[in-house]
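Every number for a ligand or one of its atoms is a count from 1 in the order of the listing. Source: prediction; values computed, not measured.
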Amino acid sequence: MKGVTVLGSTGSIGVSTLDVLARHPENYQVLALTANRDVAGLLAQCERFTPKVAVMADEPSALRLTEALAGKGIPTEVLCGLRGLETVAAMREVDYVMAAIVGAAGLLPALAAVRAGKRVLLANKEALVMAGRLFMQEAETHGAEILPIDSEHNAIFQCLPPDRGAGLEDRGVKRILLTASGGPFRTTPLPALKTVTPAQACAHPNWEMGRKISVDSATMMNKGLEVIEAHWLFRASADKITVVLHPQSVIHSLVEYIDGSVLAQLGNPDMRTPIAHALAWPERIESGVGSLDLFQVARLDFEAPDLLRFPCLRLAFEAVHAGGSAPAILNAANEVAVAAFLDERLPFTAIPEVVEETLQTLPVVEPESLQGLLAIDAEARGVAEQAALSRV
Ligand SMILES: NC(=O)c1ccc[n+]([C@@H]2O[C@H](COP(=O)([O-])OP(=O)(O)OC[C@H]3O[C@@H](n4cnc5c(N)ncnc54)[C@H](OP(=O)(O)O)[C@@H]3O)[C@@H](O)[C@H]2O)c1
């Protein structure tokens with residue numbers, strides 16, 4: 001029986017994780033669940049799973065949850081804020097931590113799980129984008145296992161031979177092929193992109209996801225963040241990573257070897273597959289995902305991404321080449337720009353402009369510490385807010 005904490009349990013990945021866990025009550029015990037402000041959602045999950053601890057992001061929400069739990073006689077303890085998240089990420093009786101908080105807010109709780117030596121099921125790609133070097137070093141120091149949840153990285157993990165400390169080249173790998181659907185605007189005429197709405201940007205053709213990652217998919221910043229994530233997870237230089245547009249989202253990614261072999265992982269686009277894989281690894285468990293019907297799929301298409309249509313992808317490649325603080329600046333500016341777009345304060349096409357202006361304004365440095373990184377993140381947010389304001 002493995003004890004599990006689900007950070008961000010009320011989100012898209014959190015709900016899918018609980019769906020898989022509920023199929024295997026003999027193998028997993030849900031020990032802690034967390035949300036930002038969704039008190040009703042977390043209350044319903046506490047009723048269903050009776051975790052030991054639940055965490056809300058702020059005190060008023062925590063108080064409301066405490067009262068609602070007491071009213072229903074549910075004995076779950078309620079904590080709040082970052083300290084609460086770090087506590088449930090590192091609890092002694094917890095074996096596995098699903099890191100599924102969205103954005104930079106997920107970094108410190110995920111890092112707490114890493115420092116406690118847990119198996120970390122990493123959905124929060126922003127943690128690696130912001131602090132990849134530190135995150136991977138801490139995982140090594142504390143013996144934490146990092147299992148990727150992003151479907152692409154989970155696919156690559158499945159197609160690679162065991163790590164055992166060797167680099168990609170020593171394992172005969174020539175390159176990684178990261179697939180991308182191209183999102184809802186892959187074929188939209190470029191002038192029409194100026195006026196797209198948040199609802200249109202969040203209507204992904206193949207995946208149901210949270211709003212932030214849906215917008216990232218529409219700009220292809222999501223793929224850019226994934227390039228940086230793959231760079232750290234698999235110790236792959238950017239020139240060993242090729243992005244391939246594959247509109248059907250059936251091949252989740254591929255690995256090419258020096259002998260010409262190309263291994264791919266395929267499946268229906270449903271995040272329960274990588275979640276179940278990471279929970280059970282190296283075993284396999286049932287996930288609730290139906291069989292892939294190749295006759296129904298019938299064809300698989302591939303295209304090179306158009307960097308004029310998707311400037312965010314170019315910016316992410318430039319950031320990984322620049323190294324140091326550039327990915328953290330890119331991530332912070334993107335979060336600010338996406339939030340402004342979702343609030344209808346910024347046009348869709350201004351998202352890459354805000355990110356580019358922020359990257360051009362701030363110098364690239366090598367962050368010495370976590371505090372240094374958080375200061376860079378805060379500074380980049382300030383610059384990006386100004387850049388967004390100037391485009392209203
Ligand atoms: N969705 C996917 O298919 C998918 C695929 C691959 C990777 N990912 C990655 O997984 C992560 C989660 O994505 P998602 O789509 O599941 O996001 P989501 O649906 O927006 O859910 C985010 C979760 O984080 C919580 N949260 C948000 N801000 C927080 C804060 N400041 N402090 C504490 N908790 C906070 C939310 O709580 P409330 O519900 O209370 O707001 C919710 O539980 C992202 O990093 C994303 O890039 C997602």
Side-chain angles (χ1 to χ4, degrees), residues 5-19 32-46 54-62 64-65 79-86 88-89 97-110 112 120-130 147-155 178-181 183 198 202 204 206-219 221-226 228-230 233 249 252-253 268-275 277-278 289 331 334-335 338-339 342 377 381:
T5 284
V6 184
L7 301 170
S9 61
T10 49
S12 163
I13 292 286
V15 167
S16 294
T17 304
L18 290 176
D19 182 282
L33 298 173
T34 85
N36 188 23
R37 302 240 158 76
D38 183 1
V39 174
L42 198 53
L43 175 65
Q45 293 182 344
C46 289
V55 185
M56 297 299 308
D58 58 40
E59 273 189 37
S61 308
R64 280 172 50 215
L65 182 63
L79 301 178
C80 89
L82 175 60
R83 188 174 287 189
L85 292 171
E86 290 179 333
V88 296
V97 176
M98 165 57 78
I101 291 174
V102 63
L107 169 62
L108 295 178
V120 181
L121 282 58
L122 190 66
N124 175 267
K125 64 193 86 188
E126 294 90 346
L128 277 182
V129 173
M130 285 177 74
L147 287 162
I149 293 298
D150 239 328
S151 58
E152 296 78 0
H153 304 74
N154 185 271
L178 264 187
T179 53
S181 70
C202 289
H204 195 281
N206 306 334
W207 296 95
E208 274 186 47
M209 307 182 284
R211 281 161 67 77
K212 192 260 177 182
I213 184 176
S214 296
V215 177
D216 285 347
S217 295
T219 61
M221 179 59 94
N222 184 49
K223 210 50 51 183
L225 300 180
E226 287 179 8
I228 302 171
E229 187 184 4
L233 275 175
S249 298
H252 299 307
S253 278
N268 287 322
D270 187 321
M271 290 306 292
R272 291 177 299 174
T273 294
I275 291 166
H277 171 265
V289 178
N331 180 64
N334 181 58
E335 283 190 24
V338 171
L342 285 171
D377 175 78
R381 281 168 201 273

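Among protein heavy atoms, the minimum distance from atom 22 (C) of ligand 1 is reached at Val102 CG1, 3.8 Å.
The two residues Val55 and Gly84 come nearest to each other via the heavy atoms CG2-O, 3.7 Å.
Checked against a 3.5 angstrom limit, the closest N/O atoms of Thr34 and ligand 1 fall outside it. For a threshold of 3.5 Å applied to N or O pairs, the pair formed by Gly210 and ligand 1 contains at least one separation below that value. Not one N or O of Ser151 is nearer than 3.5 Å to an N or O of ligand 1, by distance alone. At a 3.5 angstrom cut-off on N or O pairs, Gly8 counts as close to ligand 1. For ligand 1, one of its N or O atoms has an N or O atom of Thr10 under 3.5 Å away. Taking any N or O of Met271, backbone or side chain, none lies under 3.5 Å from an N or O belonging to ligand 1. Residue Ile13 has at least one nitrogen or oxygen atom sitting less than 3.5 Å from a nitrogen or oxygen atom of ligand 1, judged on distance alone.
Within the structure, ligand 1 has Arg37 among the residues with a heavy atom less than 4.0 angstrom away. Residue-ligand proximity: Ala100 is placed with a non-hydrogen atom under 4.0 Å from ligand 1.
We find that Lys212 and Glu126 are joined by a salt bridge, their nearest charged nitrogen and carboxylate oxygen being less than 4.0 Å apart.
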